Every structure is written in structure tokens, then in C-alpha cells.
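Because the structure is predicted, anything quoted here is derived from the model rather than measured. All residue numbers in this chain count up from 1 along the given sequence.
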Amino acid sequence: MTDPRWLTDAEQRAWYAWRRMFPLVNAEISRDLGTDSGLSEADYDVLSVLSETPGDRMRVTGLAALMQWSRSRLSHHLTRMEQRGLVRREEVTADGRGAEVVLTDAGVAAIQAAAPLHVESVRRHLIDHLTPEELATLADLGQAIAQRMGVVRKPAPTD
């Protein structure tokens, strides 16, 4: 067994900063989302992904992969969203295999109502605290780490 590669002071500082920043920012945005729209982060993620796809639909397997969730986790969450009328599942008729998740009219209305308040929360708790240079660095770092970890990223609107 090799000796541990202990963090340098600079690495430790970065790691602690990340560990403090992420839960604080995420908790505030999640709290606002629930208060403002009654949606959870997971609900919002599913609705926003579907609202950006052609026909407001996507295969369950593709959605699970994109969200980095197991199919089981997604299936359970979709069941709860179906019970609230936000999405529905349909069999794929073209090949007879698998299912697609489809955004309902109620789901469209929910994401349209939630998005303006959610983006304001994201601005208030993260974006507005950063300079344009810091924002660019944050985006570059996030993309680089995700790519190195093998996560296929969805291109940002400015890509």
C-alpha cells in the first residue's frame, strides 16, 4: 500500500471552500424552489430537461443517464411526479422497447411558473456574488471536472 497523497495547504483550502460553499448555496436555492413553486430540485431537474427536448419527451434510459441517476431512482421519482400530474410515461411505439417520459400540460405550467423565480434565486445566491471572470472560471472548472469523470454534458446555450 502506498502512502496517502495528503492535500497541500492550497489544496486543503480549495477543498474546504468547496465543502462550505456547495451545501450553503444548494440549500438556499432548494429552499427557495420549494417555497416559491412547491417543486423539489429533482422535480425541477426532470421538468427542465423535458421542457428543452423536442416534443417535451425523452426516453427513460436517456433521462436517467443525463441526470446521473439509477433507473430505479428515476422510476420512483417519476411515479411521484405522475401522481401529481406533471409527467406521464408512454411506451415507445416505434421499436416496442422502453418508455418515454412526457411532460404534461400541468408540467409545462409548473416549469414555466417556477423558472423565473428559480433563476432569480440562482442569481441571488450564486451568480451575483461572482465577477464575470470568477463565473467563467467556475463554468470552466465544472465542465472540465465533469468531462474528466466521463459525464457527457449538455451544451450550454452559449456553446
Any side-chain heavy atom of [X] within less than 4.5 Å of one from [Y]?
X: T53; Y: L63; value: no
X: V46; Y: M67; value: yes
X: L39; Y: L86; value: yes

Worked verdict on E100 versus R59 for salt bridge (Lys or Arg N to Asp or Glu O under 4.0 Å): CA-CA 4 Å; E100 288 182 320; R59 282 187 182 259; 5.5 Å; no

Those residues that, when tested against D56, pass side chain to side chain contact (heavy atoms under 4.5 Å, CB included) (two or more places apart): L103, V108

Hey, is CZ on R84 packed in by over 12 heavy atoms from elsewhere, all under 6.0 Å?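 It does: R84 CZ has more than 12 such atoms within range.
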
Do other residues, nucleotides or ligands put more than 12 heavy atoms under 6.0 Å from the CG atom of D9? no

Backbone N or O of S40 within a donor-acceptor pair of the D43 side chain at under 3.5 Å? yes

Do S75 side-chain atoms and S72 backbone N/O form a donor-acceptor pair below 3.5 Å? no

Output all residues satisfying side-chain hydrogen bond (donor to acceptor under 3.5 Å, both in side chains) with [X], sequence neighbours left out; order by chain, then residue number.
X: E120; result: none
X: D45; result: none
X: R88; result: E90
X: T79; result: R89

Give me the atom names and distance for the closest heavy-atom approach of [X] to [Y].
X: A64; Y: L74; answer: N-CD2, 3.5 Å
X: G62; Y: M58; answer: C-SD, 4.2 Å
X: S48; Y: S51; answer: O-OG, 2.9 Å
X: G85; Y: A106; answer: O-CB, 3.3 Å

Calculate, to the nearest 0.5 Å, the distance between atoms CD1 and CZ belonging to I145 and R148 respectively.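 So the gap between those two atoms works out to 7.5 Å.
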
Which pairs, with at least one residue in residues 70-81 and sequence neighbours excluded, count as a salt bridge (charged side-chain N to carboxylate O under 4.0 Å, His left out)? none

Does any pair with a residue in residues 31-41 pass salt bridge (charged side-chain N to carboxylate O under 4.0 Å, His left out), and if so which ones, sequence neighbours excluded? E28-R31, D32-R124

Where at least one partner belongs to residues 60-83, residue pairs that pass ring pair (Phe, Tyr, Trp, His ring centres under 6.0 Å), sequence neighbours excluded: W69-H77

Which pairs with one or both residues in residues 43-64 pass ring pair (Phe, Tyr, Trp, His ring centres under 6.0 Å), sequence neighbours excluded? Y44-H118

Trace of the side chain to side chain contact (heavy atoms under 4.5 Å, CB included) decision for V101 with L78: CA-CA 8 Å; V101 185; L78 291 175; 3.4 Å; yes

State, without any angle test, whether T137 and D140 hold a side-chain donor-acceptor pair at a distance under 3.5 Å.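 T137 vs D140: no donor-acceptor pair found between side chains.
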
Would you kindly confirm whether L50 and L66 end up in one hydrophobic cluster when ILVMFWY residues are joined by side chain heavy atoms under 4.5 Å apart?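 Yes.
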
Test: side chain to side chain donor-acceptor pair (under 3.5 Å). Region: residues 105-117. Which pairs qualify, not counting sequence neighbours? none

For I127, what are the other residues in its hydrophobic cluster, where any two members join if their side-chain heavy atoms are less than 4.5 angstrom apart?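 The other cluster members (ILVMFWY side chains, heavy atoms under 4.5 Å, direct or chained) are L7, W15, Y16, W18, M21, F22, V25, I29, V122, L126, L130, L135, L138.
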
With sequence neighbours excluded, what pairs up with R13 under the salt bridge (Lys or Arg N to Asp or Glu O under 4.0 Å) test? none

